[in-house]
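Below you'll find the structure, written out as structure tokens, and then a few comments.
Atoms within each ligand, like the ligands themselves, are counted from 1 in listed order. Count residues from 1 along the sequence.
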Amino acid sequence: MHTTRRSFLSLLAASGFAPPLPLSAATGVMAAKRDMILRSHRPEDLEMPMDGFSSWLTPIDKFFVRTHLYVPKVDLASWRLSVEGEVDKPLTLTFTDIEKLARVDSVAVLECAGNGRGLYEPPVPGLQWEYGAVGNARWTGVHLAGVLRMAGVKSSARELIFDGADVPMGTMPDFQRGIPIDRALMNDVLLAFRMNGEPLPIQHGFPLRAVVPGWSSDSWTKWLTRITVSATENTNFFMKTAYRHPGKPVAPGSAVDAAAMNPVTSLRVKSVIASPVNGAAVPLRPVRIAGVAWSNGSPVTEVQVSTDGGRVWHQARLGNDQAKFAWRVWEYTWTPPAEGFYSILARAKDLSGDIQPLVQEWNPSGYLYNVVHSVGVRVGAAGQGIPASAAPASPDLPQSVKSACIGCHEIDPIAQQRLTRGQWDKEVDKMTRWGAQVKPQDKEEIVRFLFDHFGPRPRR
Ligand SMILES: Nc1nc2c(c(=O)[nH]1)N[C@H]1C(S)=C(S)[C@@H](COP(=O)(O)O)O[C@H]1N2
Ligand SMILES: [Mo]
């Protein structure tokens, strides 16, 4: 949704220290979150902690949150979903209209394309997600294809663009994502209004979101208000520039022209070890190694575990809970032969024969990371885990950085970056295009400060 400068300013004024929304059914419920890894205060970006990988369904209080813009306030009474563009009969549906349609349930993995971005070397700009920008939930809603049939899709239709009620900050482009019409008409694509049996919480898109199983979650538009069927490809920033992958190996650190890249669509086969956690100390007795594995709808057929750095691989037992687009839990019981330090690895394979790589091909935005997960554990005397390194001190911000950056977000999304001078220069230019107040005479100081404090350094 677009906004005027004035409504943007009132939105900014309303953000930050605004009182919580009333918890009524008409405006949705803000879900409580527990023990999340904070990637950004405002807009809110929360990563699921590793223990979220120990259950089949991800509880809502552990489910990750990704918001490019601020969360919009939606009132069900005035909320409408419009379906327009290349259709015979444009529709304007109320929430009650949607609730009357036949309901479907689907357990599916929601994974951010940038999950694992923080693990790429050399580092790339963006939220530095590690493992937990993913979750597995039960989505309840209606078939998108059914709604499209009511509107009557014309033969000229090529793509469908989802738009949500969230509004851009400054001159930032609106968050709009498109999917090909053929994908939109498939039976698994839903418009969902419930998550794990609860009304969809505000953070996850109240009252309605797109569910595109097997595809990365940038297409799972939240706070959906408009579906535009289009005869041409959408060329906005989030389609033309963001969410693109070279689709072929490129040298780490290279610049790749967005036009030469392909849109990110399908997820990749992946498994994550939930326990033991990296750095754990465990006694010398059988150890339960457990986690989850998923792919893009091609069933996970195998998870293998190695406890000797990848020399010998053992079959893990797969759990019985299954659904085409869900993740599968797995476990393997390991009897350590002696005290010492061990690297445990897990790798998944799907029915198409796809298997996780040991070394990831690099891409400029850090998408679709699926390297074999490894954790180091110390077996023997308790209390001898691997010490965590200290967090870097947060520096005092010069006025130029405060006034350029700290209007729309806090320092946290900046402080997690590890960028070269050239990368910082480009980020500052992008943010300036998006409305950050950078005085020309201050740019040099801002870039130098960002590079000095948040330049390339080893990952913690
Ligand atoms: N309207 C809207 N929908 C959106 C986004 C957004 O910023 N605005 N972010 C997308 C991205 S990139 C992700 S990873 C998922 C995150 O969904 P979640 O917050 O429910 O976990 O929502 C997607 N849908
Ligand atoms: Mo995302």
- Message: I'd like to know if Arg418 pairs up with Glu121 as an ion pair, taking the criterion as any Lys NZ or Arg NE/NH1/NH2 lying under 4.0 Å from an Asp or Glu carboxylate oxygen.
- Response: yes
- Between Lys222, His204, Gln203, which one has a non-hydrogen atom sitting closest to atom 19 (O) of ligand 1? Lys222
- Item | Taking atom 5 (C) of ligand 1 as the reference point, the nearest protein heavy atom with its distance | Phe175 CE2, 3.5 Å
- Would you mind running through ligand 1 and noting each atom that sits below 4.0 Å from a heavy atom of Trp223? 1 (N), 2 (C), 8 (N)
- Note on the structure: Closest to atom 23 (C) of ligand 1 (heavy atoms only, candidates Gly135, Ala113, Gly205, Ser217) is Ser217
- Query: So, is the end of the Lys430 side chain (NZ or CZ) under 6.0 Å from the ring centre of Trp434 and within 45° of the ring's axis?
  - Reply: yes
- Message: So for ligand 1, is His68 a polar contact partner (N or O within less than 3.5 Å, distance only)?
- Response: yes
- Note on the structure: Honestly, for Trp220 the part within reach of ligand 1 (heavy atoms, under 4.0 Å) is backbone
- Which atoms of ligand 1 have any heavy atom of Leu110 under 4.0 Å away? 17 (O), 18 (P), 20 (O), 21 (O)
- Query: Can we say Asp188 and Arg183 salt-bridge, meaning some charged N sits less than 4.0 Å from an Asp/Glu carboxylate O?
  - Reply: yes
- For Asn320, does the CG atom have more than 12 heavy-atom neighbours from other residues, nucleotides or ligands under 6.0 Å away? no
- Message: Show the atoms of ligand 1 that are less than 4.0 angstrom away from any heavy atom in Cys112.
- Response: 14 (S)
- Within reach of ligand 1, part of Asp166 (heavy-atom separation under 4.0 Å): side chain
- Task: Using a strict cut-off of 4.0 Å, indicate which atoms of ligand 1 neighbour a heavy atom of Tyr243.
- Result: 12 (S)
- Query: Is the gap between the ring centers of Phe95 and Phe193 under 6.0 Å?
  - Reply: yes
- Message: Treating Trp330 as the side-chain partner and Ser271 as the backbone partner, does any N or O pair qualify as donor plus acceptor under 3.5 Å?
- Response: no
- Query: Asn234 and Glu159: side-chain donor and acceptor closer than 3.5 Å?
  - Reply: no
- Message: Just checking Trp223 against Trp79, ring centres under 6.0 Å apart?
- Response: no
- Message: Below 4.0 Å, non-hydrogen atoms only: which portion of Arg177 touches ligand 1? Side chain, backbone, both or neither.
- Response: neither
